[in-house]
Protein chains: 2
Amino acid sequence: MTEHSVDSNRTCPVGRSLDVMGDRWSLLIVRDAFDGVRRFGDFQRGLGVARNILADRLRKLVDADVLVSQPAADGSAYQEYVLTRRGESLFPVVVALRQWGEKHLFDRGEKYSRLIDTDTGKPVPVMTPRTAGGSPLPPAQTRVKKVV
Amino acid sequence: MTEHSVDSNRTCPVGRSLDVMGDRWSLLIVRDAFDGVRRFGDFQRGLGVARNILADRLRKLVDADVLVSQPAADGSAYQEYVLTRRGESLFPVVVALRQWGEKHLFDRGEKYSRLIDTDTGKPVPVMTPRTAGGSPLPPAQTRVKKVV
DNA sequence: GCCTAAAGGTTGCATTTTGCAACTACATTG
DNA sequence: CAATGTAGTTGCAAAATGCAACCTTTAGGC
């Protein structure tokens, strides 16, 4: 996770986010954490990631205040990794990736796991950027204003 | 960009999205493409990525139908890389990463580039998953339904 | 308490990916 | 037609990753 050296990547929030989360495993760890996974071994089995890499990523995510490691709630002496507020606020990122994958990366008829609103039992609606007025905001109607 | 081997990563749209986009550069390339960057050299200078890596990523993004390479519109003999519809629909992903970074990755007073609604000149509102009724949907009110 | 197995890592080594610099090929400019 | 710019490719060194073995602490059976 080398830092992006060019200056525009330092002042761009997208670049900074990817400095923290932009590797093959970190966002999958966070996804599983949203699904309630908390223990090292469960992350490891669920992801199929090498144990040393998982240990490294968990450490970095804790350092980045995305996860916190705390004594397990179930009374056992082991500890567990839980999303912080900062980690929880990655929810839109994970949902956006999910919805993009759902739309573009599966063949017709191919099954995939779905994200459900537990209050209604229905799939979560597609999320999109919106104007202040609430209407969908296409990319062409935006631009990035560079820092002063 | 090795494929994630464990089965749950193949049926999870998040996992599949990250198989395609989950490296340090692909989403930055797409971000710059949203900003209007089209040419190899402009991506290279803007990102500071090694040229061989950029060539490899552009090739993979074209293979994944995120970008299309076509003759340059400006009459020059070179070609340019433009977002496909599939690529354009990564907009929510890029915006979500941006908004997470804005909120959590900058110190008070530190400047960062902002995404502006060109119709109003105001920053794009924070995007969040919503229920069918339109109210914000917290992670705890969702669950992933595994495939049958 | 004692033994065994599982959990949660760490370490060493082979493989893969990345970064850097040099090189090539073609196009454009003067 | 020489010089410069664009768009790569190639070779090699450095870093990240994957894999297996090892270690230490905890949990469970007796």
Side-chain angles (χ1 to χ4, degrees), chain A residues 1-10 15 18-29 32-33 36-64 67-82, chain B residues 1-10 15 18-29 32-33 36-64 67-82:
Chain A
M1 232 133 356
T2 314
E3 265 174 24
H4 297 115
S5 50
V6 170
D7 186 62
S8 64
N9 289 330
R10 307 264 73 239
L18 290 172
D19 279 346
V20 179
M21 303 302 299
D23 76 292
R24 254 203 302 303
W25 297 114
S26 296
L27 277 167
L28 288 173
I29 291 170
D32 280 4
V37 174
R38 296 173 163 228
R39 301 263 294 244
F40 186 95
D42 293 329
F43 283 112
Q44 204 274 319
R45 272 182 297 279
L47 296 173
V49 60
R51 301 160 76 75
N52 54 344
I53 301 298
L54 177 59
D56 179 76
R57 290 303 180 279
L58 288 172
R59 198 168 15 245
K60 282 177 176 163
L61 289 172
V62 168
D63 288 349
L67 298 175
V68 61
S69 96
Q70 60 186 31
D74 64 0
S76 84
Y78 298 114
Q79 49 174 18
E80 57 186 19
Y81 298 90
V82 183
Chain B
M1 237 132 349
T2 314
E3 268 175 19
H4 297 114
S5 51
V6 170
D7 186 61
S8 63
N9 288 332
R10 308 263 72 238
L18 290 172
D19 278 345
V20 179
M21 303 302 300
D23 76 291
R24 251 203 304 301
W25 297 112
S26 297
L27 277 167
L28 289 173
I29 291 169
D32 280 3
V37 175
R38 297 173 163 229
R39 301 263 294 246
F40 186 94
D42 293 330
F43 284 113
Q44 204 275 317
R45 271 183 296 280
L47 296 173
V49 60
R51 301 161 77 76
N52 53 346
I53 301 297
L54 177 60
D56 178 77
R57 290 301 181 281
L58 289 173
R59 200 167 15 244
K60 283 178 175 162
L61 289 171
V62 168
D63 288 349
L67 298 175
V68 62
S69 97
Q70 60 186 30
D74 63 2
S76 83
Y78 300 112
Q79 51 174 16
E80 58 186 19
Y81 298 91
V82 182

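Lettering follows sequence order; numbering is per chain, from 1.
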Side chain proximity check, Val6(B) to Val49(A), heavy atoms < 4.5 angstrom:
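In short, these two side chains do not touch, never coming nearer than 4.5 Å.
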What is the distance, to the nearest angstrom, from the [atom1] atom on [X] to the [atom2] atom on [N]?
X	N	atom1	atom2	result
Leu47(A)	dG18(D)	CG	C1'	14 Å
Leu67(A)	dG8(C)	CG	C1'	16 Å
Ile53(B)	dA21(C)	CD1	C1'	14 Å
Arg24(B)	dT17(D)	CZ	C1'	12 Å

What residues, two or more places apart in sequence or in another chain, satisfy side chain to side chain donor-acceptor pair (under 3.5 Å) together with [X]?
X	answer
Asp32(A)	none
Gln70(A)	none
Glu80(A)	Arg38(A)

Could you pick out which residue, Ser76(A) or Gly48(A), lies toward the 5' side of DNA chain D when each is mapped onto its nearest nucleotide?
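Going by which nucleotide is closer to the 5' end, it is Gly48(A).
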Below the 4.0 Å mark, does dT17(D) have OP1 or OP2 next to a side-chain nitrogen or oxygen of Arg57(A)?
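Yes, Arg57(A) has a side-chain N/O under 4.0 Å of OP1/OP2 on dT17(D).
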Hey, does the side chain of Trp25(B) come within less than 4.0 Å of dT17(C)'s phosphate (OP1/OP2), counting only N and O?
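The answer is no; no side-chain N or O of Trp25(B) sits under 4.0 Å from OP1 or OP2.
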Tell me, please, which residues at least two apart from Arg51(A) pass salt bridge (charged side-chain N to carboxylate O under 4.0 Å, His left out).
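By the salt bridge (charged side-chain N to carboxylate O under 4.0 Å, His left out) rule, Arg51(A) matches no residue at all.
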Quick one: do Ser26(A) and Leu61(A) satisfy side chain to side chain contact (heavy atoms under 4.5 Å, CB included)? Show the steps, please.
CA-CA 8 Å; Ser26(A) 296; Leu61(A) 289 172; 4.2 Å; yes
Any ion pair linking Lys60(B) and Asp56(B) (charged N to carboxylate O, less than 4.0 Å)?
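Salt bridge between Asp56(B) and Lys60(B), a charged N being under 4.0 Å from a carboxylate O: yes.
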Quick one: list whatever passes side chain to side chain contact (heavy atoms under 4.5 Å, CB included) with Asp42(A), sequence neighbours left out.
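By the side chain to side chain contact (heavy atoms under 4.5 Å, CB included) rule, Asp42(A) matches Val37(A), Arg39(A), Arg45(A).
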To the nearest 10 degrees, how far apart in direction are the end axes of the helix from dG1(C)-dC30(D) to dG30(C)-dC1(D), each fit to five base pairs?
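Comparing the axis at each end, I get an angle of 30°.
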Counting primed atoms plus P, OP1 and OP2 as sugar-phosphate and everything else as base, spell out the protein contacts along nucleotides 2-10 of chain D at 4.0 Å heavy-atom distance: B, S or - for each nucleotide, 5' to 3'.
---BSBBBB
